[in-house]
Amino acid sequence: MPEKTYSISDLASEFGVTTRTIRFYEEKGLVTPRREGQKRLYNQADRVRIKLILRGKRIGMTLDECVEVIDMYDPEHNNAEQLHSLIARVQDKRARFEQQRRDIDEMLKGLDEVQALCESALAEAGAAN
DNA sequence: GTTCTTACA
DNA sequence: TGTAAGCA
């Protein structure tokens, strides 16, 4: 039987993105839906690809990284390469995010200090007047 | 009503 | 990516 297809709005609503987003991904070469005249027709593979791209984006991967990983798909050989590559990226992301968290904690600490200084200065001013 | 392209923010 | 214009 013929493969199920989807319109751009079908996928947009399913994944909670706008049609603009999907067309944008196409411009970037992340997906290449077949055309029926002018209309884009997405097949199951296109659908999965978009789903994977959005998943990658959620974990901090750039669109380019998503494509790199997705295009490594190689079921003929376990996908070992792709999986190892993905694991490496995940570890890298984790390290970066943890560093960012430390940086933010430091800034928060700095804010606490400044705020405390300001408040004590106000308290003294109030006591003097 | 839905999708498309193009262009600007 | 959002938004808008002008088509089909």
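Side-chain atoms are counted along with the backbone in the values below, which use heavy atoms only and exclude waters and symmetry mates. Each chain gets a letter, A, B and so on, in the order its sequence line appears, and its residues count up from 1.
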**Asked** Could you give the CD1-to-C1' distance, from Ile22(A) to dG2(C), as a whole number of Å?
**Response** 15 Å

**Message:** Could you check whether Glu26(A) pairs with Arg35(A) (Lys NZ or Arg NE/NH1/NH2 to Asp/Glu carboxylate O, under 4.0 Å)?
**Reply:** yes

**Message:** Output the rounded distance in Å from CG (Leu41(A)) to P (dT2(B)).
**Reply:** 17 Å

**Prompt:** For Tyr25(A) and dC4(B), what is the distance between atoms OH and P respectively, to the nearest whole Å?
**Reply:** 17 Å

**Message:** Measuring to OP1 and OP2 of dT3(B), would you say a side-chain N or O of Arg40(A) lies under 4.0 angstrom away?
**Reply:** no

**Asked** Does a side-chain N or O from Thr19(A) land closer than 4.0 Å to OP1 or OP2 of dT3(B), or not?
**Response** no

**Asked** Side-chain N or O of Ser7(A) less than 4.0 angstrom from OP1 or OP2 on dT2(B)?
**Response** no

**Prompt:** For the residue pair Pro33(A) and Asp46(A), what are the closest heavy atoms and their distance?
**Reply:** CA-OD2, 3.8 Å

**Message:** Expressed as a whole number of angstroms, how long is the span from Leu11(A):CG to dT3(B):P?
**Reply:** 10 Å

**Electrostatic pair Arg49(A):Asp71(A) at N-O distance under 4.0 angstrom** = yes

**Message:** So if I take every side-chain heavy atom of Arg20(A) and compare against dT2(B), dG2(C), dT5(B), which nucleotide ends up nearest?
**Reply:** dG2(C)

**Complete:** Of the listed dT2(B), dC4(B), dT1(C), the closest approach to the Ser9(A) side chain comes from dT2(B)

**Prompt:** So do Thr5(A) and Tyr42(A) actually touch side chain to side chain, heavy atoms under 4.5 Å?
**Reply:** no

**Message:** Measuring to OP1 and OP2 of dT5(B), would you say a side-chain N or O of Lys39(A) lies under 4.0 angstrom away?
**Reply:** no

**Request:** Nearest whole angstrom, please: distance from the C1' of dT5(B) to the CD of Glu26(A).
**Result:** 12 Å

**Asked** Atom CD1 of Ile53(A) and atom C1' of dT1(C): how far apart are they, to the nearest Å?
**Response** 15 Å

**Message:** When both hydrogen-bonding distances must be under 3.5 Å and the geometry is Watson-Crick or G-U wobble, what is dC7(C) paired with, if anything?
**Reply:** none

**Prompt:** For the pair made of NZ in Lys28(A) and P in dT1(C), what is the distance, rounded to whole Å?
**Reply:** 10 Å

**Prompt:** Within less than 4.0 Å of OP1 or OP2 of dT1(C), is there a side-chain N or O belonging to Thr18(A)?
**Reply:** no

**Request:** Tell me, with the steps shown, if Lys109(A) and Asp105(A) meet salt bridge (charged side-chain N to carboxylate O under 4.0 Å, His left out).
**Result:** CA-CA 6 Å; Lys109(A) 188 190 299 177; Asp105(A) 284 339; over 6 Å; no

**Asked** Between Phe24(A) (CZ) and dT5(B) (P), how many Å, whole number?
**Response** 15 Å

